[in-house]
Structures are given as C-alpha cells and as structure tokens.
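Input: a single structure, listed below in structure tokens.
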Amino acid sequence: MLDGIKTGKVAKIFGVASKTIVAWVDRFPELFSPEANAENSKYRSFMSNDMFLLNTIQKERANGTSWDVIGLKLEADELNTDMPVESAN
C-alpha cells in the first residue's frame, strides 16, 4: 500500500464521501498521523496506519458498532488490516 494517499482517493477506496473520511479523522484525531490531520498542510494525506484505522472504522460502523466501542478498539490497536481490493491499485 502506498503512503500519502489524498482524501478523495481514500473516500473512493472505502466507498464513502470525502466528508465522511474527514469526520472519522476528526472524531479520533489523536490516533491519526499529522498528515491525516493536515497539521502542516491544508491538504490531508493518509499513511498506511491511517488507512488501517479508517478500514477498521468503516467495517465496525457497517456492523453497527458504537463509536465508543470503535474508539476502544482503535486505542487498543485492534485494527482490521483486511483492506478493500481497491487499495491495492
């Protein structure tokens, strides 16, 4: 997987809107990289671990998992690394 993926491509990979990706990062900013939080840029850029975090959020939300439980899983580094096929491109 490549590092430095922009928000639009990430949204396409996960089949959600760009604003959804931003909302997920903004919900758990302390867990995402400075690049994903756009700390030193006006554009977000996602690294491999950021992608695993987003993948975990997407899968857990699809299963109806509450935000509190998702936060606990992310903090415990219980990440779903079974990425969508699109991410390999």
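Only heavy atoms go into these numbers, but all of them, side chains included; no hydrogens, no water, no symmetry mates. Because the structure is predicted, anything quoted here is derived from the model rather than measured.
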| task | Kindly state each residue pair satisfying side chain to side chain donor-acceptor pair (under 3.5 Å) with at least one member in residues 66-76, sequence neighbours excluded. | result | Glu60-Lys73
| field | Where Lys42 and Ala38 come nearest, the two heavy atoms and their spacing | value | C-CB, 4.4 Å
| Asn49: side chain to side chain donor-acceptor pair (under 3.5 Å) partners, not counting sequence neighbours | none
| said: Could you check whether any side-chain heavy atom of Phe32 comes within less than 4.5 Å of a side-chain heavy atom of Leu54, counting everything from C-beta outward? | reply: yes
| said: Quick check: is Val16 connected to Phe52 through a chain of hydrophobic side chains (ILVMFWY, heavy atoms under 4.5 Å apart)? | reply: yes
| field | Lys6 side, atom NZ; Ile21 side, atom CD1 - distance, nearest 0.5 Å | value | 14.5 Å
| field | OG1-CE distance between Thr81 and Met51, expressed to the nearest 0.5 angstrom | value | 12.5 Å
| said: Among residues at least two apart in sequence or on other chains, which ones pass salt bridge (charged side-chain N to carboxylate O under 4.0 Å, His left out) with Asp26? | reply: Arg44
| query | Considering only heavy atoms from C-beta outward, does the side chain of Phe46 approach that of Val25 to under 4.5 Å? | reply | yes
| request: Under the side chain to side chain contact (heavy atoms under 4.5 Å, CB included) rule, what do Thr56 and Ile70 come out as? Steps first, then yes or no, please. | output: CA-CA 8 Å; Thr56 303; Ile70 292 171; 5.5 Å; no
| field | Counterpart residues, salt bridge (charged side-chain N to carboxylate O under 4.0 Å, His left out), relative to Glu35 (two or more places apart) | value | none
| note | By side chain to side chain donor-acceptor pair (under 3.5 Å), Asp50 pairs with (sequence neighbours left out) Ser33
| said: Within the 4.5 Å heavy-atom criterion, are Phe14 and Ile57 side-chain neighbours or not? | reply: no
| message | To the closest 0.5 Å, what do you measure between CD1 (Ile13) and CE (Met83)? | response | 6.5 Å
| query | So, for Ala11 and Ala17, which heavy atoms are closest and what is the spacing to 0.1 Å? | reply | CB-C, 3.8 Å
| query | Can you name the side-chain contact (heavy atoms from CB on, under 4.5 Å) partners of Lys59, sequence neighbours left out? | reply | Asn55, Asn80
